Amino acid sequence: MDFELTEEQAAIRAMAADFAAERIAPHAADWDRDHTFPVDTLREAAALGFGGITVDDAHGGSALTRLDAAIVFEELSRACPSTAAYISIHNMVAGMIDRFASDDLRAAHLPALARMERFASYCLTEPNAGSDAASLRTRARLDGGDYVLDGAKAFISGGGAADVYLVMARTGGEGAGGISAILVEKGTPGLSFGAQEEKLGWHSQPTAAVLFDGCRVPVSNRVGTEGQGFKIAMAGLDGGRLNIGACSLGAAAAALDLATQHVRERQQFGRPLEAFQAIQFKLADMATALEAARLLLHKAARAVDAHAPDATALAAMAKRLATDTGFQVVNEALQLHGGYGYLRDYPFERLLRDLRVHQILEGTNEIMRVIIARHLLRPANR
């Protein structure tokens with residue numbers, strides 16, 4: 001058991017950290033204020049290999065591990081968790097195509113996705129199918145050699161801006177077994193988008209409903225076999241949960257660094273804040289919680305890479321702990337700054353707004369507890 005990064009992982013972390021500091025951090029507040037989707041910066045990230053992190057190198061990917069990806073996303077999110085989270089979602093779709101799609105679909109889509117010349121969106125959630133995702137109503141009706149899609153997806157990151165949409169649609173009966181995964185390209189007749197959502201955070205990525213009205217795509221656009229879509233969606237979420245957990249940890253680590261610097265410099269009652277034991281204990285608890293969440297996340301990443309029997313449960317544990325911890329640490333860092341922490345002159349309010357949604361998406365943290373409990377109570381454990 002080795003808790004140290006390899007030389008290669010340390011180099012990956014340094015590259016991601018340098019990119020985040022030089023190309024993301026100086027612009028993050030402006031992107032948040034102006035609701036800017038930073039296309040050029042995303043493509044610069046892809047040039048470093050961050051557009052297809054776990055995608056096979058035969059299709060232009062970096063062929064790295066889930067742990068490598070977690071290291072990358074933690075560093076990128078130190079600068080802007082909103083932008084890092086979109087890169088995570090794009091990678092989730094690319095990884096699902098790489099793992100489950102036909103050779104023709106991989107060759108057609110992955111090279112451009114890995115370069116982020118084209119952007120991807122993941123379409124599972126619906127207006128009436130959130131946590132109960134297997135109850136989704138978007139239907140793909142077989143008509144000759146095509147599927148005809150009708151329905152709506154909600155809260156889709158990249159909605160309207162992305163070029164490729166991986167859509168979970170019902171091709172069969174009720175329940176998870178009736179769902180298939182189908183790629184729909186922007187510009188397909190019958191595909192449209194709702195207005196951009198006005199969100200609390202995540203302002204550097206677009207979010208909109210994705211709508212299907214007689215949207216016809218070839219059967220060859222199906223990823224995996226018919227009826228395999230829900231399993232594919234859940235497999236993708238194992239990695240997505242690790243990534244979003246890492247995004248929470250990175251933002252929280254940045255907030256902790258700033259808070260530590262602040263208490264050294266800020267004086268009250270004739271002493272620096274760092275001299276007060278209550279402040280020392282708060283910093284100690286923040287650092288301990290982050291370290292514990294990071295260790296669990298890295299263990300879960302190894303389990304997902306190894307396709308371990310408990311991988312899904314560990315990914316749920318890691319996502320739940322990392323996103324709750326990240327939000328709490330940022331909130332504590334804001335508190336340590338007093339009134340200054342509440343101002344937009346400082347990054348804490350932006351980090352707090354961005355991290356709040358991490359406790360909701362990729363499966364709410366309540367659903368993470370359901371997944372963990374099901375694993376603990378499965379028949380094999382009786």
Side-chain angles (χ1 to χ4, degrees), residues 85-86 89 92-93 96 120-143 147-162 164-184 186 188-202 205-217 221-224 226-238 240-241 244 312 316 319-320 323 356-374:
Y86 177 74
I89 293 164
M92 181 168 67
V93 175
M96 293 163 72
S121 287
Y122 175 85
C123 300
L124 175 64
T125 299
E126 296 185 0
N128 293 307
S131 291
D132 184 14
S135 69
L136 64 83
R137 309 311 302 167
T138 296
R139 181 161 292 279
R141 173 176 54 86
L142 189 62
D143 182 27
Y147 285 118
V148 180
L149 280 74
D150 291 283
K153 297 294 181 178
F155 312 130
I156 303 305
S157 293
V164 179
Y165 297 84
L166 183 55
V167 181
M168 307 307 149
R170 191 164 300 284
T171 54
E174 297 298 312
I179 296 169
S180 299
I182 301 168
L183 282 176
V184 181
K186 189 176 183 179
T188 303
L191 172 66
S192 62
F193 309 98
Q196 287 298 311
E197 304 289 0
E198 296 185 10
K199 300 168 295 185
L200 176 71
W202 271 26
Q205 54 169 290
T207 303
V210 178
L211 311 172
F212 307 95
D213 183 10
C215 182
R216 183 178 292 269
V217 298
N221 276 26
R222 189 184 64 228
V223 175
E226 191 162 285
Q228 192 185 8
F230 194 76
K231 292 181 179 178
I232 291 172
M234 295 302 104
L237 283 175
D238 280 347
R241 287 165 182 161
I244 212 66
T312 294
K319 190 268 183 183
R320 202 287 299 165
T323 57
R356 182 60 184 88
V357 76
H358 295 190
Q359 297 168 296
I360 299 171
L361 55 80
E362 314 290 38
T364 67
N365 285 4
E366 290 73 24
I367 290 296
M368 296 306 97
R369 292 176 172 91
V370 170
I371 293 169
I372 296 161
R374 283 178 180 167

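Computed from a predicted model, the values in this text were never measured in an experiment. Atom set for the values below is all heavy atoms of this structure, side chains included, hydrogens, waters and symmetry mates excluded.
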Checklist entry - Are I89 and Q205 close enough, and set up right, to give a side chain to side chain contact (heavy atoms under 4.5 Å, CB included), and what steps lead you there? => result CA-CA 11 Å; I89 293 164; Q205 54 169 290; 4.2 Å; yes
Checklist entry - Who pairs with S135 by side-chain hydrogen bond (donor to acceptor under 3.5 Å, both in side chains), at least two apart in sequence or on another chain? => result D132
Checklist entry - Can you list the steps and then say if V357 with L200 is a side chain to side chain contact (heavy atoms under 4.5 Å, CB included)? => result CA-CA 9 Å; V357 76; L200 176 71; over 6 Å; no
Checklist entry - So which of V184, V217, N221 actually passes side-chain contact (heavy atoms from CB on, under 4.5 Å) with Y147? => result V217
Checklist entry - When you look at NZ of K199, are more than 12 heavy atoms from neighbouring residues, nucleotides or ligands closer to it than 6.0 Å? => result yes
Next on the checklist: Just to verify, what does Y165 make a ring pair (Phe, Tyr, Trp, His ring centres under 6.0 Å) with, not counting sequence neighbours?
Outcome noted: F193
Item to check | Shortest non-hydrogen contact between T171 and R139, atoms and distance | outcome: C-NH1, 4.5 Å
Item to check | Residue list, side-chain hydrogen bond (donor to acceptor under 3.5 Å, both in side chains) with R356, at least two apart or on another chain | outcome: Q359
Checklist entry - Does the R137 side chain pair with the main chain of G151, one donor and one acceptor, at a distance under 3.5 Å? => result no
Next on the checklist: According to side-chain hydrogen bond (donor to acceptor under 3.5 Å, both in side chains), who are the partners of R320, at least two apart in sequence or on a separate chain?
Outcome noted: D324
Checklist entry - How many angstroms lie between OG1 in T188 and CG in L183, if you round to the nearest 0.5 Å? => result 10.0 Å
Checklist entry - Can you check side chain to side chain contact (heavy atoms under 4.5 Å, CB included) on L237 and M92, steps first, answer last? => result CA-CA 8 Å; L237 283 175; M92 181 168 67; 4.2 Å; yes
Item to check | More than 12 heavy atoms from other groups under 6.0 Å of CZ on F155 | outcome: no
Item to check | side-chain contact (heavy atoms from CB on, under 4.5 Å) against T364, all qualifying residues, sequence neighbours excluded | outcome: S131, I360, E366, I367
Next on the checklist: Please check: side-chain N/O of D150 versus main-chain N/O of G214, any donor-acceptor pairing under 3.5 Å?
Outcome noted: yes
Next on the checklist: Treating S180 as the side-chain partner and G227 as the backbone partner, does any N or O pair qualify as donor plus acceptor under 3.5 Å?
Outcome noted: yes
Checklist entry - Distance-only, no hydrogens or angles: does the R170 side chain make a donor-acceptor pair with backbone N or O of G173 under 3.5 Å? => result yes
Item to check | All side-chain hydrogen bond (donor to acceptor under 3.5 Å, both in side chains) counterparts of D143, not counting sequence neighbours | outcome: R216
Checklist entry - For Y122, does its backbone N or O pair with a side-chain atom of K153 as donor and acceptor, under 3.5 Å? => result no
Checklist entry - Minimum heavy-atom separation for I156 to S121, with atom names? => result CG2-CB, 3.8 Å
Checklist entry - Between M96 and M168, what is the shortest heavy-atom contact and its length? => result CE-CE, 3.8 Å
